[in-house]
Number of protein chains: 2
Amino acid sequence: MPPSRRMTLKDLAAELGVSTASISNAFNRPDQLSPMLRERILNEAKRLGYAGPDAKARSLRTGRSQIIAVILAESLTYSLNDAVASELLSGIAEVLDAHGHTMLLLSGRQHGSETHGSTNMADGYIVYGLMPSMTMLSELPAQNPLVAVDFDIEHCPTIHIDNEPASYSIARHALLTPPKRPAVINLRLTKQPCNGRITDEHDLFSAHHTITRSRLMGIHRAFKESGIDPASVPMWNVEENIHDVCAPVIADILDQPEEHRPDLLLCMSDRIALTALTLAEQRGLCVPDDLRITGFDGIAEGQYRAPRLTTVRQDSIEKGRLAARMILGLSPKEQKYLSTELLIGESCP
Amino acid sequence: MPPSRRMTLKDLAAELGVSTASISNAFNRPDQLSPMLRERILNEAKRLGYAGPDAKARSLRTGRSQIIAVILAESLTYSLNDAVASELLSGIAEVLDAHGHTMLLLSGRQHGSETHGSTNMADGYIVYGLMPSMTMLSELPAQNPLVAVDFDIEHCPTIHIDNEPASYSIARHALLTPPKRPAVINLRLTKQPCNGRITDEHDLFSAHHTITRSRLMGIHRAFKESGIDPASVPMWNVEENIHDVCAPVIADILDQPEEHRPDLLLCMSDRIALTALTLAEQRGLCVPDDLRITGFDGIAEGQYRAPRLTTVRQDSIEKGRLAARMILGLSPKEQKYLSTELLIGESCP
DNA sequence: GCTGCTAACTAAATCGTTACAGCTCCATGG
DNA sequence: CCATGGAGCTGTAACGATTTAGTTAGCAGC
């Protein structure tokens with residue numbers, strides 16, 4: 001036996017003088033053979049360094065790989081460092097792991113034009129966020145289950161939260177104390193890329209970004225209810241939910257002369273709000289006395305600090321758990337809305 | 001053709017009246033057949049809904065899956081929410097993605113006693129951190145490449161940083177301003193689990209955790225050099241690098257009567273240091289005037305705040321990139337030490 | 001003694017590709 | 001006119017498992 005080639009199930013069968021079926025059963029179905037033979041096989045396998053059936057061959061034969069692919073709208077580099085996406089992945093991993101599955105990470109923003117060759121190996125797909133191109137999704141094997149999170153696909157079970165009411169509730173809370181100069185910081189909500197002040201209202205609402213769009217609707221509803229004309233509220237936009245991208249926009253906002261500087265900042269995400277908090281503190285502004293700030297998401301970083309962020313907590317971990325359970329068929333595949341919770345921190349009491 | 005079964009390469013070949021080899025070549029090796037035939041095949045494939053060769057079968061035949069497994073010492077739930085691990089994963093993903101590979105996430109802390117069935121499907125393994133049990137590693141296919149990060153495995157290329165000198169340098173910086181009451185917060189450095197004050201010096205240095213051990217050595221060296229007996233410095237320990245686990249320990253430290261409360265806190269990680277910062281601010285202590293704090297790692301969260309954390313930055317993204325390059329054979333497989341950088345923020349000027 | 005049943009095992013087909021060897025045909029060069 | 005060679009294609013043997021159907025042997029019941 002040349003040690004060059006790895007040992008296979010067949011080799012082991014020959015060595016032991018039994019059929020390959022018995023070896024396979026010894027590893028997979030203990031009830032199908034006598035305990036004596038099973039033990040003999042397992043011992044000999046260990047002695048000869050056979051680590052068990054090859055996953056590649058098994059997956060071809062059985063049609064299943066025990067792999068669930070998570071397709072993230074953004075790049076992996078971004079997603080892995082984004083708290084919301086990370087929590088989602090945590091929840092997914094937790095459930096998959098408990099049921100003997102593993103997680104393959106893919107990005108919808110495919111490198112170059114080709115999708116990865118290993119894409120169609122997965123047993124199922126969890127899609128997170130708005131896909132830049134739908135072609136990738138249409139190329140997935142149709143018979144494999146697909147679950148979407150925070151993004152609607154036709155005829156596909158989806159997990160979301162109710163963004164409009166959630167956003168309305170936090171805005172309403174903030175407006176209980178009437179602001180002198182409120183402002184809103186949107187996330188990627190303009191048709192044309194715009195990192196700064198939104199001057200043309202008509203440029204608002206890029207067709208697709210329904211999540212942040214709903215959040216802005218909620219905010220507008222709260223404004224109207226408080227007798228404030230939404231059109232009179234200055235709006236800003238950031239292109240990416242990343243500190244370094246948000247910082248210059250927020251610096252512009254805060255560096256205005258005091259009589260123009262907002263005293264209430266409604267932010268579309270905690271990342272934006274935290275950046276605002278940092279920049280305010282660096283300028284010696286007191287939060288919440290000089291400036292009140294709200295976020296959205298409820299990430300840990302916003303709660304593990306002083307002052308804590310006033311925000312809407314969405315349970316991304318639970319989103320992930322549920323998505324994984326749906327994919328594995330442990331929960332019914334349906335449209336599911338998870339509840340949110342208003343967290344009132346010191347940043348906007 | 002019943003639409004029940006998925007279309008295969010062989011079906012397509014029959015439909016077109018060409019050999020399976022030509023279909024395969026049309027998808028994989030354009031130079032092996034005439035452009036005319038290739039186009040005909042690709043068109044027909046699209047028309048009949050054949051999405052390309054099946055990854056499961058291909059991986060069996062070729063022996064490669066284009067999948068690299070990342071085995072994390074901690075649970076996936078922890079790792080995905082830890083900034084250092086996330087940055088490492090980012091770096092890995094970036095390089096793998098650029099070279100047509102995908103990333104499979106595994107945890108060394110296997111669920112139950114069985115390792116995942118899909119483990120041996122990967123083409124290579126990147127191991128991060130101290131494995132709770134080495135049996136998992138010994139079961140990996142021996143002919144597949146293995147690269148370790150922050151953890152020594154015999155005869156295995158490894159990527160680390162020089163923890164002792166890095167830790168020494170930041171401690172020395174902190175001690176330039178002589179502290180009245182310095183203290184150290186260790187990370188999982190006791191033999192017996194201990195979340196709080198370390199009273200018995202003999203209990204220090206759990207056999208394995210060489211990283212934090214080296215960091216403490218560096219701190220001790222700096223103390224000696226400043227004429228301070230390390231044994232006189234109170235030491236504390238936290239069991240997990242998580243806010244909720246660190247918080248009670250740090251609360252104990254800060255809630256001591258003022259004459260015992262430390263004025264310098266050397267923390268083994270940024271996570272610990274940030275928790276300390278938060279708790280100090282909540283108690284109205286001024287950092288750095290009442291209390292100076294240092295961390296270790298250089299995570300973004302520590303720099304995107306005011307005051308910024310004084311810390312040692314290790315480039316975890318680069319660690320990941322390098323690990324991925326080694327696994328793919330793009331960089332020589334060797335023992336590699338990456339450099340670190342002292343970041344001086346306002347938390348300990 | 002015959003039938004029927006179960007436990008324990010085997011033989012062979014199959015999963016969907018890739019890769020190797022070989023075949024045909026036409027152009028080229030001597 | 002024959003040899004040479006390459007372009008373009010085909011046929012088929014792996015790859016390493018799982019699974020179905022089938023073969024024993026042993027035992028119980030009548």
Side-chain angles (χ1 to χ4, degrees), chain A residues 1 4-42 44-45 48-66 117-123 141 143-144, chain B residues 1 4-41 45 48-66 117-123 141 143-144:
Chain A
M1 178 100 10
S4 64
R5 210 171 53 85
R6 230 186 83 233
M7 165 153 268
T8 72
L9 182 147
K10 200 193 265 181
D11 298 334
L12 185 57
E15 197 79 18
L16 274 158
V18 300
S19 79
T20 61
S22 292
I23 311 279
S24 176
N25 285 331
F27 280 96
N28 301 314
R29 299 189 298 195
D31 57 312
Q32 294 294 304
L33 76 176
S34 66
M36 223 186 62
L37 179 57
R38 183 171 132 93
E39 187 147 355
R40 192 158 75 92
I41 291 176
L42 261 34
E44 196 70 357
L48 296 176
Y50 177 71
D54 178 65
K56 302 202 231 357
R58 164 185 290 168
S59 72
L60 169 59
R61 180 57 234 241
T62 64
R64 267 160 300 105
S65 61
Q66 311 288 91
S118 49
T119 300
N120 65 13
M121 185 142 47
D123 294 343
Q143 76 278 18
N144 284 1
Chain B
M1 179 99 11
S4 65
R5 210 170 53 85
R6 230 185 85 233
M7 164 153 269
T8 72
L9 181 148
K10 201 192 266 182
D11 299 333
L12 184 58
E15 198 80 18
L16 275 156
V18 300
S19 81
T20 61
S22 292
I23 311 279
S24 177
N25 285 332
F27 281 96
N28 302 313
R29 298 188 299 195
D31 57 311
Q32 294 294 304
L33 75 177
S34 66
M36 223 186 62
L37 179 56
R38 183 172 133 91
E39 187 146 355
R40 192 159 73 93
I41 291 176
L48 296 175
Y50 177 70
D54 179 64
K56 302 200 223 14
R58 164 186 291 169
S59 72
L60 170 60
R61 180 58 235 239
T62 63
R64 266 160 301 104
S65 59
Q66 312 288 90
S118 48
T119 301
N120 65 13
M121 186 142 46
D123 293 344
Q143 76 280 15
N144 284 1

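Numbered from 1 within each chain, the chains take letters A, B, ... in sequence-line order.
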*What string of B, S and - do you get for nucleotides 5-10 of chain C, 5' to 3', when a contact is any protein heavy atom under 4.0 Å?*
----SB
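- Shown here for A:Lys56 and B:Arg64, the closest heavy-atom pair between the two residues is CE-N, 4.2 Å.
- Applying side-chain contact (heavy atoms from CB on, under 4.5 Å) to A:Val18 and the options A:Asn25, A:Leu12, A:Ile23 leaves one that passes, A:Ile23.
- For A:Asn28 and D:dT19, the CG to C1' distance is 11 Å, given to the nearest whole Å.
- The base of C:dT18 sits with one of its N or O atoms less than 3.5 Å from a complementary donor or acceptor on the side chain of B:Arg61.
- Protein atom CZ of B:Arg6 is 7 Å distant from nucleotide atom P of C:dT17, rounded to whole Å.
- At the phosphate of C:dT17, neither OP1 nor OP2 sits under 4.0 Å from any side-chain N or O atom of B:Ser24.
- Rounded to a whole Å, the CG atom of B:Asp11 is 8 Å from the P atom of C:dG16.
- D:dC15 atom P lies 9 Å from atom CG of B:Leu60, rounded to whole Å.
- When rounded to the nearest whole Å, the span between CE of B:Met36 and P of D:dG8 equals 11 Å.
- Rounded to a whole Å, the CD atom of A:Gln143 is 10 Å from the P atom of C:dG16.
- Of the candidates C:dG16, C:dA19, D:dG16, D:dG16 carries the atom nearest the A:Ala57 side chain, counting heavy atoms from C-beta on.
- A:Asn120 places a side-chain N or O within 3.5 Å of a backbone atom of B:Pro53 that can act as its donor or acceptor partner.
- Separating the CE atom of B:Met7 from the C1' atom of C:dG16 is a distance of 13 Å, rounded to the nearest angstrom.
- In terms of modelled atom types and a separation under 3.5 Å, the side chain of B:Thr62 and the main chain of B:Arg58 share a donor-acceptor contact.
- Checking the phosphate oxygens (OP1, OP2) of C:dG16, no side-chain nitrogen or oxygen of B:Tyr50 falls inside 4.0 Å.
- Taken from CG in A:Leu42 to CD in A:Glu39, the straight-line distance is 8.0 Å, to the nearest 0.5 Å.
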*Could you walk me through whether B:Asp54 and B:Thr8 pass the side chain to side chain contact (heavy atoms under 4.5 Å, CB included) check?*
CA-CA 8 Å; B:Asp54 179 64; B:Thr8 72; over 6 Å; no
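- Spacing between atom CZ of A:Phe27 and atom P of D:dG16 amounts to 16 Å, rounded to whole angstrom units.
- Side-chain atoms of B:Asn144 come within 3.5 Å of backbone N or O of B:Ala122 as a donor-acceptor pair.
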